[in-house]
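Quick notes on the structure that follows.
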Amino acid sequence: MPNRAYPDITAPQLRTGWRFGWVDILVVVAMLLLFWLLFSLSGDMRVHFDELHPPPLSLDVEMIPYYTARTVLRMFIAFAASLLFTFIWGYIAAKSLRARKVMLPILDILQSVPVLGFLSITVTGFLALFPGSLLGVECASIFAVFTAQAWNMTFGFYHSLVTIPAELSEASSIFRLNRWQRFTTLELPASAIGLMWNSMMSFGGGWFFVAQSEAITVLNKNIKLPGLGSYMAAAVEAGNTRAALYAIGAMIFTILLIDQLVWRPLVAWAEKFKLENTEAKDSPQSWMLDLLRRSNVIGWLFQRIGRVVGRASQRLSSVATDVTESVARNAPTLFKQALRVALWLAIAAGMVWLVIDAFGVAREIKTEMTGTAMLHVVWLGLLTFLRVLAMMIVATLIWTPIGVWIGLRPRVARIAQPLAQIAASFPVNMTFPFIVVFFITANIPINIGSILLMALGTQWYILFNVIAGAMAIPTDLREAAQIFGLRKWRLWKTVIIPAIFPFWVTGAVTATGGAWNASIVAEVASWGNNKLVADGLGAYIAQVTEKGDKPAIYFSIVVMSLFVVLINRFLWRRLYALAEQKFKLD
């Protein structure tokens, strides 16, 4: 059951006869400033845009705050869309066994498709949707950031739903909770801790690809949106060390600020949903959360919003119950069968459309690519697969014990969280000026060095998920292990591994998918006139995308998807089942 030892920290209590204090003034000013920024920046997203003459990007240092604000707005819009996608896709996959068999492989493929692959398809469509407006390019950029955030969150939410303790699911059935009540009172709280840490990691994944999403170079188009990522990319292209260092400083400051104002308060707040019966000796803390709890303005807003949400929840619960019972009692068998037939027809129509489109692509590939070229692409995919496999094994061996050590010590987590957030969020291509020089000086071939570059951007998925798994271990279970004298390997075998295994599976799945995605930047490293290119599918996709070679783009993405499907079929699907059936805290 949820931990009742913690106070209700969802909102501060409104005191009678309250008056404005300095905290309330600070909150009101911050809210007004936030609304003004949203209004101003959203207006800048809809200015006129000429595809043939895109606006120039300035490398003046004075423009960094404005560019940073534009980037942060895109990140949070993409995060909101990712959160909505997570709830819908993850919920359906967890509740329907038939849907799961299709949705999880699709999700695994989508997280492995490079951001440039999405951009090559979506840029033209968004430009046509909003002709003459910068909003089209903004939507393409936001969608690219979305593809870097959504998959990890969805996998984490799905695993949280399928590993809910059996006694809690049985209790919800005994109390006859409908789907909405079960979601709000059981499933969402049970997934809170994992969702918070996966959200942090996914947000960091958006930072990782922010340069590729803002400095768009696909299909012979070279567009740079106003943003910190495009500023950093322009600085790298120009070899402007001063501008690159200022941009790095701005990104680190922004990551730390968001961590203090958003993520740390959410992690501390989510602790109340931990499944335990006794209070932990040390729990996550947040000065920002403590400050907000002292604000009477926030308390007043939460009370009003809480009443509205509560009434809406009650109405949705009653409507859901009425509709479910009505359909179950009154819907004739013929209607149900017709509904199933209509669903299968819709799926069949979609498959036919995909097949027709695939034949069109195949004809285009057949006329443009030889059989030797196709076999070469497959060979490059195998080389990249070996790098992905090496990265996953090494990252698991290194970060699993470190993640457990951090997760079991909240005081250490308070220090490690922002550091890990910076490391996970920092775009690896911004370190290329130093890494390229190091590789050249140390005579390290890029075919081996690209494994390091790949790990720099994706190993954090394993670390963050393991930390979340360790933090979710109930305090009473840890105390029982201590009473029985479990130490070292016995403790890991009996308590730690069963507790963190579902989280590790999520982290490993998203790390490998992210590694395929990151290969487009990890296998091509450049600074000024120095450029190192590895033999791999990621480097190939980056090159053909920049040229606008559609047949090569399509075929290389298909090859990457086939590798991902095979890995999913023979490895991840079995680990999913193992995590759901055996390694589960019941």
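Computed from a predicted model, the values in this text were never measured in an experiment.
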What are the two closest non-hydrogen atoms of [X] and [Y], and how far apart are they?
X      : Y      : value
Thr68  : Ala250 : OG1-CB, 4.2 Å
Gly229 : Glu214 : N-OE1, 2.8 Å
Ser230 : Leu57  : O-CD2, 3.3 Å
Gly206 : Val145 : CA-CG1, 4.0 Å
Ala481 : Leu491 : CB-CD1, 3.8 Å
Ala470 : Gly403 : CB-O, 4.2 Å

* Going through the distances and angles, do Phe155 and Leu107 end up as a side-chain contact (heavy atoms from CB on, under 4.5 Å)? -> CA-CA 8 Å; Phe155 272 117; Leu107 191 66; 3.7 Å; yes
[X] vs [Y] side-chain heavy atoms within contact, under 4.5 Å:
X      : Y      : result
Ile402 : Val466 : no
Ser42  : Leu38  : no
Phe501 : Val505 : yes
Tyr158 : Tyr91  : no
Met251 : Ile248 : no
Leu225 : Leu134 : yes
Leu291 : Leu26  : yes
Thr400 : Trp492 : yes

* **side-chain contact (heavy atoms from CB on, under 4.5 Å) evaluation trace for Gln181 with Leu186** => CA-CA 8 Å; Gln181 291 170 328; Leu186 172 60; over 6 Å; no
* To do: Would you sort out whether Phe79 and Trp263 count as a ring pair (Phe, Tyr, Trp, His ring centres under 6.0 Å), showing the intermediate values?
  => CA-CA 13 Å; Phe79 176 75; Trp263 301 123; 5.6 Å; yes
* Under the side-chain contact (heavy atoms from CB on, under 4.5 Å) rule, what do Phe76 and Phe203 come out as? Steps first, then yes or no, please. => CA-CA 8 Å; Phe76 276 103; Phe203 203 82; 3.7 Å; yes
* Assign the ring pair Phe87 / Phe183 to parallel, tilted or perpendicular, where the plane angle (0 to 90°) is split at 30° and 60°. => perpendicular
* Parallel, tilted or perpendicular: which fits the ring planes of Phe85 and Phe146, with parallel below 30° and perpendicular above 60°? -> perpendicular
Approximate separation, where rounding is to 0.5 Å, of [X] [atom1] and [Y] [atom2]:
X      : Y      : atom1 : atom2 : value
Phe503 : Ile193 : CZ    : CD1   : 7.5 Å
Met45  : Arg70  : CE    : CZ    : 6.5 Å
Trp22  : Arg294 : CH2   : CZ    : 5.0 Å
Tyr246 : Asn240 : OH    : CG    : 10.5 Å
Ile258 : Phe253 : CD1   : CZ    : 10.5 Å
Phe39  : Phe35  : CZ    : CZ    : 13.0 Å

* What about the rings of Trp399 and Trp460, do their centers lie closer together than 6.0 Å? ->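 Yes, they do, as the ring centres are separated by less than 6.0 Å.
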* To do: Could you tell me whether Trp504 and Phe464 have their ring centroids closer than 6.0 angstrom?
  =>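 No, ring centres 6.0 Å or more apart.
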Give a yes or no answer on whether the side chain of [X] reaches the backbone of [Y] with a donor-acceptor pair at less than 3.5 Å.
X      : Y      : answer
Thr163 : His159 : yes
Thr71  : Gly227 : no
Ser133 : Phe130 : no
Gln149 : Ser82  : no

* Derivation and outcome, side-chain contact (heavy atoms from CB on, under 4.5 Å), residues Met196 and Arg264 -> CA-CA 9 Å; Met196 294 305 171; Arg264 183 164 292 191; over 6 Å; no
Any side-chain donor paired with an acceptor under 3.5 Å for [X] and [Y]?
X      : Y      : result
Ser295 : Asp24  : yes
Arg182 : Ser172 : yes
Asn198 : Tyr461 : no

* Taking 4.0 angstrom as the limit, do Arg74 and Glu138 come out as a salt bridge? -> yes
